[in-house]
Amino acid sequence: MALLQIAEPGQSTNPHEHKLAIGIDLGTTNSLVASVRSGEAKVLPDSQGRFSLPSVVHYGADRTVNVGFAAKANAENDPENTIVSVKRFLGRGLADINSTYGKLPYIFVEKQNKLSLLTSQGEKNPIEVSAEILYVLKQQAENTLGGDLVGAVITVPAHFDDAQRQGTKDAAQLAGINVLRLINEPTAAAVAYGLDSGQEGIVAIYDLGGGTFDISILRLNKGVFEVLSTGGDTALGGDDFDSKIVESILAKAGIDTELSAKSLRKLADLGCKIKEQLSDTDSVDYEIEIESQTTPQKISGSFSKQDFENSIADLVKSTLRSCRRALKDADVEKEQVLEVVMVGGSTRVPYVREQVKAFFAREPLTSIDPDQVVAIGASIQADLLAGNKPDSDMLLLDVTPLSLGLETMGGLVEKVIPRNTTIPVARAQEFTTYKDGQTMMAIHVLQGERELVDDCRSLARFVLKDIPPLTAGIAVIRVTFNIDADGLLSVTALEKSTGVESSIQVKPSYGLEQFEIADMIKASMTNAKEDIQARMLREQQVDAIRMMEALDAAMSESPELLSEDDKLAIEQAIGKLKLTTQGTDGQAIKHAIKFLDDTSQPFAARRMENSIKVALTGHSVDAV
Amino acid sequence: MRFFDLFELPVSFQIDNDLLLERYREIQKKVHPDNHANASENEKLLSVQRAAEVNDAYETLKKPLNRAEYMVSEHGFDVRHEQHTIRDGMFLMQQMELREELEEIESASDVEAAFDRFYADIKKLMDEFTEKFESEFKQASYESAADAVRKLRFIYKLKDEAQQLEEKLLDF
């Protein structure tokens, strides 16, 4: 009789067991978490059955941190310590925020290019605030799904730049989430719709959220979602509709003085309420008490649908301009668009729907809840990346939304990777010295479409050192820019005559350093009385198991690509890792993983080459 | 890796775009990082590099100018990065005239018709030098083929500029 095998709790013995993975829509106003269960992608509710979590974090004077509904309830009473729509501040500097958003009820602190919000619990970086939201969503998912997660797909606006993407990924790391992939919100929505309908052809995704606008043009073919172009505005959304209403109310009342933080919050809430009500009625009466120069003042009046539409007409028009540009970039005519999909809460505004319908001359699709569609799409991709669907034919091919360039003489930008280039992408550029004996070179990386450095966003500056001192123009430095599948940038440099390679960590202008993240994790652990050693060990064990399973599968899939020697070496390395994983030495596990990784490298390379041949001819080629 | 070999296509300027797209998708389904999300660190890195190369190869072969540039680069003519002056006086004169035509569009009474005329002129030149490139390349006269590609670069650049102007003038 065979003996029963009993696995360690949480360790799977069966590589085909369903792994728990989630999709997170980290929104400006609301955030959601979804997962694929029994083959169906669904948003996971909280303990009270609510599907979306307000993206609001409250830092109480008593050291408590509230996230979501409880925090939102505090917004009016304690505006300085209640962070609303923090997504707008990710990867941004103070000058940026002031010019884009105007009056906000927060106390911003900027030190050495690092922006924080001063709260009753000290300075909080937008990344930390976002991590609080992600942590709650992760907990909610673990409670509902009943187990440890292998990871998450997190969505970002397609138009997010490198600093904003890196900030999102760092926030996930702080929250203890393994990021399987960052994907673009419109692409996630396309996945949710595309898999439903199985349609083939060109689709347009119009995504207007609380704080961001994206338009993506995709081509769907046999499970491949190919993004042809994307456009948008990371500072345009429903929040701006609200502020237009507020502006208009204040103008009518003749108020142009500085208002208290409390009044600003009250007004913003009023603007949002009026907007929502105008979806169903033609006019809304309002009455509100605000403090203007410490004197309380009551203003009241009536706001009509027409007033509203007049005040947002320019904003909506600018979204349509982005649509026209995206179509042009995709080289697609309006008539070729098969479907227009509406995503994001702000597409509930009837005026927006009417305008989009008129522009594309087609009734837009709204059959999946526009608030949930992004999270649902993300969970489908997470399920796939976790390895739950080995036979799936689905593939997302996304693009980089903004051109990447370098500063050249005279403050001009030379483009290295144009916008709408399919990722991952690697492009090299060669530089030379302009002075005899020059040993250093400063490189400034920018993102944006304009020609002048000052009009683009500065991503990073770094200095290439140790260039051999030669006559001007002789040394050739090859700098390679890589954008990975998450849309994140890394840079490597190689001096050609000496072959000396150096890799440059791109430090986003408003992000966190890796050591700062580590410090924050440590600090949060101390607070939560969790054991950092235990967490590290657990992470290494999960990594080890994942790796062994992957190799097992690879070896049984293509035994013909393994020589006897290779096979023996890999099996020995696996044996060693297995043994180490049963122990409690995290560092030793890490080394054993690395050893197995290196040992199996030639096999992995052969498999990659072989897979291309198989893709085209349908049969495998002997490579050993 | 040679790009045409990657997609198992013959080295030729005339390309079956549908077949190229189909093979591109098939290969990406295998090498893309999304299909190696659970693999070892080495394999993940390999996959990102491979997928980037495949994207680059596809991008290069898909667009006519990139394709022509690539074809002569395989024969030692790096027209993309070289410092080379075109000495063909007739061609330069033609370019100047086209530039003048472009500058005058802004003040034309019917801007859209003026753009249509301009694009038609450009198209004629594109066809002419594409044909020249193809026939020279077929005869293995790579020097003259490269010369035709250099001229094509001029013409494509002019087209880009025209499109930018069109965007500006017609409120894109």
Side-chain angles (χ1 to χ4, degrees), chain A residues 19 150-151 180-181 219 221-224 226 321 324-325 328 381 384-387 390 392-397 421-427 430 482-486 543 546-547 549-551 553-554 593-594 596-598 600-605 607-617, chain B residues 1 3-9 17-60 62-63 66 78 80-83 160-161 163-164 166-168 170-172:
Chain A
K19 298 194 178 72
V150 295
L180 296 168
R181 186 76 74 232
R219 180 164 55 196
N221 179 283
K222 294 183 194 125
V224 180
E226 192 187 347
R321 206 173 298 132
R324 198 171 294 138
R325 176 179 279 277
K328 198 164 177 295
Q381 176 71 349
L384 199 82
L385 292 180
S392 166
D393 225 13
M394 187 176 111
L395 178 65
L396 306 188
L397 294 169
T421 300
T422 306
I423 55 171
V425 56
R427 289 280 156 85
E430 289 185 353
N482 302 283
I483 300 179
D484 66 14
D486 291 325
D543 258 9
R546 186 175 53 87
M547 167 119 191
E549 284 177 4
L551 258 176
I593 291 176
K594 176 87 174 70
L596 177 57
D597 203 353
D598 291 344
S600 60
Q601 152 83 26
F603 174 54
R607 264 171 59 80
M608 194 69 66
E609 294 321 304
N610 192 55
S611 71
I612 296 178
K613 295 275 174 267
V614 176
L616 295 186
T617 58
Chain B
M1 174 194 55
F3 294 169
F4 285 100
D5 292 351
L6 174 69
F7 298 106
E8 296 188 354
L9 292 169
N17 272 310
D18 292 340
L19 192 61
L20 174 67
L21 177 59
E22 193 186 311
R23 293 194 169 159
Y24 164 69
R25 286 181 184 139
E26 287 311 315
I27 295 175
Q28 277 298 15
K29 275 184 186 173
K30 298 289 178 191
V31 302
H32 196 276
D34 284 359
N35 291 321
H36 301 269
N38 285 307
S40 63
E41 287 310 311
N42 268 322
E43 192 177 324
K44 278 187 197 169
L45 193 66
L46 216 60
S47 141
V48 176
Q49 286 169 350
R50 238 22 201 123
E53 280 168 21
V54 172
N55 278 334
D56 188 33
Y58 174 63
E59 191 71 22
T60 303
K62 186 175 67 173
K63 295 183 182 157
N66 293 355
D78 185 7
R80 215 164 228 233
H81 301 110
E82 69 190 0
Q83 301 286 333
D160 275 352
E161 282 170 31
Q163 278 172 339
Q164 274 168 24
E166 192 184 8
E167 233 171 74
K168 202 179 95 190
L170 301 178
D171 181 36
F172 265 109

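Chain naming here is simple, since letters A, B, ... match the order of the sequence lines and numbering starts at 1 in each.
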Counting heavy-atom pairs closer than 4.5 Å to chain A, which one of B:Glu43, B:Glu53, B:Glu8, B:Arg25 comes out on top? B:Arg25

Does the side chain to side chain contact (heavy atoms under 4.5 Å, CB included) test come out yes or no for A:Gln601 and B:Leu46, once each step is laid out? CA-CA 9 Å; A:Gln601 152 83 26; B:Leu46 216 60; 4.2 Å; yes

Nearest heavy-atom neighbours spanning B:Ser40 and A:Met547: CB-CE, 3.3 Å

Value for CD1 (A:Ile612) from NZ (B:Lys30), rounded to nearest 0.5 Å, stands at 11.0 Å

Okay, B:Arg23 and chain A: the region with an atom under 4.5 Å from a heavy atom over there is both

Is there side-chain contact between A:Val425 and B:Asn55, with heavy atoms separated by less than 4.5 Å? no

Which bit of A:Ala485 is near chain B, if near means a heavy-atom gap under 4.5 Å: side chain, backbone, both or neither? side chain

Select one option (side chain, backbone, both, neither) describing which atoms of B:Leu6 are under 4.5 Å from chain A's heavy atoms. both

If you define the side chain from C-beta out and look only at heavy atoms, does anything of B:His32 sit under 4.5 Å from A:Pro424? yes

Test your reading of the model: is there a side-chain donor-acceptor pair from B:Asn38 to the backbone of A:Leu385, 3.5 Å cut-off? yes

Is there a side-chain contact between A:Lys594 and B:Glu41 in this structure, where contact means two heavy atoms from C-beta onward sitting under 4.5 Å apart? no

Can you tell me which portion of B:Tyr58 sits under 4.5 Å from chain A's heavy atoms? Options are side chain, backbone, both or neither. side chain

So what's closer than 4.5 Å to chain A heavy atoms on B:Ala51: side chain, backbone, both or neither? both

Heavy-atom pairs under 4.5 Å with chain B - which of A:Leu384, A:Val150, A:Asn221 has more of them than the others? A:Asn221

Contacting region of A:Leu551 [heavy-atom separation from chain B under 4.5 Å]: neither

Is it true that, when you exclude B:Lys63 itself, more than 12 heavy atoms of the residues, nucleotides or ligands shown sit nearer than 6.0 Å to its NZ? no

Validation row: B:Gln28, A:Val224 side chains within 4.5 angstrom (heavy atoms): no

Evaluate the side-chain proximity of B:Asp56 to A:Arg427: yes if any heavy-atom separation is below 4.5 Å, no if none is. yes

Cut-off 4.5 Å, heavy atoms of chain B, and the answer for A:Gln381 is side chain

Quick check on A:Asp598 against chain B: is it the side chain, the backbone, both or neither that has a heavy atom closer than 4.5 Å? both

Less than 4.5 Å to any heavy atom of chain B: does that hold for the side chain of A:Ala386, its backbone, both, or neither? backbone

Side chain, backbone, both or neither of A:Arg181 within contact of chain B (heavy atoms, under 4.5 Å): side chain

With rounding to the nearest 0.5 Å, note down the distance linking CE in A:Met608 to CG in B:Asn35. 9.5 Å

Output for pair (B:Ile27 CD1, A:Lys613 NZ), nearest 0.5 Å, gives 8.0 Å

So for A:Asp543, is it side chain, backbone, both, or neither that comes closer than 4.5 Å to the heavy atoms of chain B? neither

